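These numbers were taken from a predicted model, which means no experiment stands behind them. Values reported hereafter were calculated over all heavy atoms of this structure, with side chains retained and with hydrogens, waters and symmetry mates removed.
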Amino acid sequence: MKYLIGLSYLFFLSEFILMILKRSKKSTSKQSSDRGSLVLLWVFITLCFTFGFILANYKVWNNFNFILEGIGLLFIVIGLIIRWTSIFQLNKAFTVDVAIGHEQKLKTDGVYKSVRHPSYLGLFLIMIGFSIGMNSYLSMLVIIIPMFLVIQYRIFVEEKALVDAFGVDYISYRQKTKKLIPWIY
C-alpha cells in the first residue's frame, strides 16, 4: 500500500504540472469551451482519491491482496503509458482545458486511430488501478463510478467543441472510432 500512496503523489504532481504547462492561451485558441469540466475533473479526482484511501484495506494482507495490488499497479502503468502517449502525440494541440487552437488539425492517427479519447482512457485506467490496489470494494465504488461519470461529462463537452471546430470531418471520425474503449465503447 505504501507504493500506492507514493505513486498517487507522483500522479498528482504530474497532473498538476500538466495543468500549469498545458493550459490554452487566448491568443492561440480559436475556441475555448471547457464548461467547468476541468474544475469538475480535479474536484472528483481529489474526492475519489480521498475517500478511496479512507476506505482502503490497510489490515494485514495475504498473497491474494498483494496480487490485487500488483494488478492495480499494472493498470496504473498501462494507463500512464496510454495517457502520456496520447498527450505526446497531440503535442501542442493538447491542453488541459477544452480548447481548439487556430492551427489545430484533427488527430486521427496513432493512438487516436483506435479510440477518440485515449487520454481519458489512460486516466480511467489509472483510477481503476488505484482503486484495485486499495483492496476494498468500497474504494472501487467511490473511485470508479464517479470518475466514469465525470469523464463522460468531460468527453461530452470536448466532443461538442470538436464537432463545432471540425464539423463533418469529426462526425465521420466519430462514426468510425470508439469513444473510450477500443472495439467496445
Side-chain angles (χ1 to χ4, degrees), residues 11-52 79-131 141-185:
F11 169 69
F12 270 106
L13 180 63
S14 72
E15 292 297 313
F16 185 73
I17 291 169
L18 260 183
M19 188 176 73
I20 292 171
L21 298 178
K22 297 301 277 179
R23 289 193 62 96
S24 66
K25 295 169 183 61
K26 290 185 183 190
S27 61
T28 59
S29 295
K30 69 178 177 182
Q31 178 184 347
S32 181
S33 55
D34 192 70
R35 297 174 64 182
S37 64
L38 178 61
V39 171
L40 192 64
L41 195 59
W42 267 95
V43 166
F44 270 79
I45 288 172
T46 304
L47 289 174
C48 288
F49 264 92
T50 300
F51 288 108
L80 286 168
I81 290 169
I82 292 170
R83 182 159 172 78
W84 282 95
T85 299
S86 67
I87 290 168
F88 285 126
Q89 285 183 1
L90 267 184
N91 198 5
K92 292 179 183 177
F94 179 84
T95 59
V96 292
D97 50 330
V98 177
I100 307 296
H102 289 294
E103 305 297 320
Q104 187 170 335
K105 304 280 187 245
L106 181 60
K107 181 79 169 161
T108 60
D109 60 346
V111 291
Y112 292 86
K113 188 174 186 173
S114 300
V115 65
R116 295 193 310 270
H117 302 281
S119 176
Y120 301 132
L121 169 61
L123 176 61
F124 192 55
L125 289 174
I126 292 165
M127 299 306 284
I128 289 171
F130 276 110
S131 72
L141 287 174
V142 301
I143 292 176
I144 292 174
I145 294 170
M147 282 307 302
F148 181 77
L149 295 173
V150 78
I151 287 171
Q152 289 301 307
Y153 173 69
R154 176 79 171 185
I155 288 172
F156 170 78
V157 169
E158 194 168 297
E159 293 222 332
K160 183 173 180 352
L162 289 164
V163 168
D164 291 347
F166 298 110
V168 174
D169 291 338
Y170 189 76
I171 292 169
S172 173
Y173 169 66
R174 189 168 62 183
Q175 291 171 342
K176 293 184 275 184
T177 313
K178 296 296 181 186
K179 183 190 304 189
L180 191 62
I181 302 169
W183 308 290
I184 299 171
Y185 174 73

Taking the side chain as C-beta and beyond, is there a heavy-atom pair between [X] and [Y] under 4.5 Å?
{"X": "Arg174", "Y": "Phe166", "answer": "no"}
{"X": "Ser37", "Y": "Val98", "answer": "yes"}
{"X": "Glu159", "Y": "Tyr170", "answer": "yes"}
{"X": "Met147", "Y": "Ile128", "answer": "no"}
{"X": "Leu149", "Y": "Tyr153", "answer": "no"}

- request: Please step through side-chain contact (heavy atoms from CB on, under 4.5 Å) for the pair Asp169 and Tyr173, ending with a clear verdict.
  value: CA-CA 6 Å; Asp169 291 338; Tyr173 169 66; over 6 Å; no

Atom pair [atom1] ([X]) and [atom2] ([Y]), whose distance is rounded to the nearest 0.5 Å:
{"X": "Leu80", "Y": "Thr85", "atom1": "CG", "atom2": "OG1", "answer": "10.0 Å"}
{"X": "Ser14", "Y": "Ile126", "atom1": "OG", "atom2": "CD1", "answer": "7.0 Å"}
{"X": "Glu15", "Y": "Leu41", "atom1": "CD", "atom2": "CG", "answer": "8.0 Å"}
{"X": "Leu180", "Y": "Ile151", "atom1": "CG", "atom2": "CD1", "answer": "7.0 Å"}

Could you pull out all donor-acceptor pairs under 3.5 Å where a side-chain atom in residues 106-114 meets a protein atom, sequence neighbours excluded?
from   : atom 1 : to     : atom 2 : distance (Å)
Lys107 : NZ     : Asp109 : OD1    : 2.8
Tyr112 : OH     : Ser86  : O      : 3.2

task: Check the pair Ile144 / Phe124 against side-chain contact (heavy atoms from CB on, under 4.5 Å), numbers first and verdict last.
output: CA-CA 8 Å; Ile144 292 174; Phe124 192 55; 3.9 Å; yes

message: Using only atom types and a distance under 3.5 Å, with no angle test, would you say the side chain of Thr46 pairs donor to acceptor with the backbone of Trp42?
response: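 Answer holds: yes.
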
task: Compare every heavy atom of Ile143 with every heavy atom of Cys48, then report the nearest pair and how far apart it is.
output: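 The pair with the smallest heavy-atom distance is O-CG1, 3.4 Å.
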
task: Work out which heavy atom in Val115 is nearest to a heavy atom in Pro118; give both atom names and the distance.
output: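 It is O-CD, 3.4 Å.
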
- prompt: Any Lys/Arg nitrogen of Glu158 or Lys179 sitting under 4.0 Å from an Asp/Glu carboxylate oxygen of the other?
  reply: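 Here Glu158 does not pair with Lys179 in a salt bridge, since their nearest N and O are not under 4.0 Å apart.
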
Which residues share a side-chain contact (heavy atoms from CB on, under 4.5 Å) with Val96, sequence neighbours left out: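 Residues passing side-chain contact (heavy atoms from CB on, under 4.5 Å) with Val96: Leu18, Met19, Lys22, Arg23, Leu38, Phe94.
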
message: Can you classify the ring geometry of Phe130 versus Phe49 as parallel (below 30°), tilted (30 to 60°) or perpendicular (above 60°)?
response: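 Perpendicular.
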
Gln152/Tyr120 under side-chain hydrogen bond (donor to acceptor under 3.5 Å, both in side chains): CA gap, chis, key distance, verdict: CA-CA 9 Å; Gln152 289 301 307; Tyr120 301 132; over 6 Å; no

- request: Can you sort out the partners of Phe156 under ring pair (Phe, Tyr, Trp, His ring centres under 6.0 Å), two or more places apart, ordered by chain and number?
  value: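 By the ring pair (Phe, Tyr, Trp, His ring centres under 6.0 Å) rule, Phe156 matches no residue at all.
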
message: Using side-chain contact (heavy atoms from CB on, under 4.5 Å), reason through Ile45 and Phe11 one step at a time and then give a plain yes or no.
response: CA-CA 11 Å; Ile45 288 172; Phe11 169 69; 4.2 Å; yes

